[in-house]
Amino acid sequence: MRKVIYGGACSLDGFLAGPDGALDWLHFSKDVQEVMARSWASIDTILMGRKTWEGAAGSGGGGAMKGIKSYVFSRTLKSVPGKGVELVTGDAGEFVRKLKAEPGKDITVMSGGNFATFLLEAGVIDEIGLNVHPVLLGSGVPAFLNPGKRVARELAECRQLEGGCVLVTYRVRR
């Protein structure tokens, strides 16, 4: 069965982006490039919430990438332009459970805390990977919202990256 992986770079206080989507605090290094290359090689599907997709589309992204299928989850959008991008308006948890059962590579969640928390509540996220940066942003796009219950995890990897960053990977314990 395919794995669903959520994560990305975040600040020490748990934000994926600063106020107004600021990303100027991100530290890119050779370590990070290697982690990203390994991650992209292991997936063939991207899941995005509406806000993440709109942000990507607004900055020139949001379209199809070679060999990667993208799904945008929204209850308010009527369509998403572009080839290789499909709008999902139904039950996200059920849709992702069906995707996991299909053959293919792993699935990544590119989203802020709203959509990711919904998928955690639905029990479909298998792994959480964060590149924690040594900066406190104070506000912005949170990596997690309150899931309303504990979500137990077990550490799979922890290592220091250049620039004082720490890569942590947790498997969600069921």
Side-chain angles (χ1 to χ4, degrees), residues 1-11 13-17 21 35-36 38-59 61-132 139-157 167-174:
M1 184 170 285
R2 302 161 76 183
K3 267 191 312 193
V4 176
I5 303 162
Y6 170 61
C10 73
S11 63
D13 53 351
F15 293 100
L16 299 170
V35 168
M36 289 173 66
R38 188 174 69 230
S39 294
W40 283 105
S42 73
I43 67 158
D44 64 4
T45 306
I46 296 173
L47 311 177
M48 289 180 270
R50 177 190 54 82
K51 291 177 193 174
T52 300
W53 182 81
E54 287 176 342
S59 65
M65 292 179 272
K66 187 176 180 177
I68 296 180
K69 177 71 179 171
S70 295
Y71 295 94
V72 177
F73 293 78
S74 174
R75 285 172 260 162
T76 58
L77 293 175
K78 301 297 180 210
S79 66
V80 290
K83 292 183 179 182
V85 181
E86 184 177 321
L87 177 64
V88 179
T89 58
D91 183 306
E94 187 59 33
F95 186 90
V96 174
R97 274 188 274 288
K98 289 178 183 174
L99 268 183
K100 288 175 70 167
E102 294 176 1
K105 294 181 175 183
D106 290 336
I107 301 164
T108 193
V109 177
M110 297 182 78
S111 174
N114 288 338
F115 183 55
T117 299
F118 178 82
L119 293 179
L120 278 168
E121 289 173 352
V124 296
I125 293 181
D126 302 296
E127 195 170 281
I128 299 168
L130 298 169
N131 175 3
V132 182
S139 65
V141 178
F144 301 98
L145 300 180
N146 180 357
K149 63 179 180 178
R150 284 188 187 176
V151 179
R153 297 172 287 288
E154 60 188 20
L155 184 65
E157 178 183 15
L167 177 68
V168 291
T169 304
Y170 293 96
R171 288 186 194 98
V172 175
R173 199 171 343 136
R174 306 268 181 237

With [X] via side-chain hydrogen bond (donor to acceptor under 3.5 Å, both in side chains) - residues at least two apart:
| X | answer |
| --- | --- |
| Lys105 | none |
| Ser74 | Thr76 |
| Asn114 | none |
| Thr45 | Arg2 |

- Provide the full list of ring-ring contact (aromatic ring centres under 6.0 Å, His included) pairs with a residue in residues 105-126, sequence neighbours left out, each pair given once.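 Qualifying pairs: Phe73-Phe115.
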
- Would you check, one step at a time, whether the test salt bridge (charged side-chain N to carboxylate O under 4.0 Å, His left out) holds for Lys51 with Glu54? CA-CA 5 Å; Lys51 291 177 193 174; Glu54 287 176 342; over 6 Å; no

Nearest heavy-atom pair of [X] and [Y]: which atoms, and what distance?
| X | Y | result |
| --- | --- | --- |
| Gly49 | Val72 | O-CG1, 4.4 Å |
| Val124 | Val4 | O-CB, 3.2 Å |
| Ala116 | Ser111 | N-OG, 3.8 Å |

- Considering residues at least two apart in sequence or located in another chain, which fulfil the salt bridge (Lys or Arg N to Asp or Glu O under 4.0 Å) criterion with Arg171?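 None.
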
- Message: Test of understanding: with salt bridge (Lys or Arg N to Asp or Glu O under 4.0 Å), list the residues that count as partners of Glu86, not counting sequence neighbours.
- Response: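 Partners of Glu86 by the salt bridge (Lys or Arg N to Asp or Glu O under 4.0 Å) criterion, ordered by chain and then number, come out as Lys69.
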
- Message: If you define the side chain from C-beta out and look only at heavy atoms, does anything of Tyr170 sit under 4.5 Å from Leu155?
- Response: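 A side-chain contact exists here, since the closest heavy-atom pair is under 4.5 Å.
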
Side chain to side chain contact (heavy atoms under 4.5 Å, CB included) partners for [X], two or more places apart:
| X | answer |
| --- | --- |
| Ile5 | Lys3, Asp106, Glu127 |
| Ala143 | Tyr6, Leu16 |
| Glu157 | Arg38, Arg159, Leu167, Thr169 |

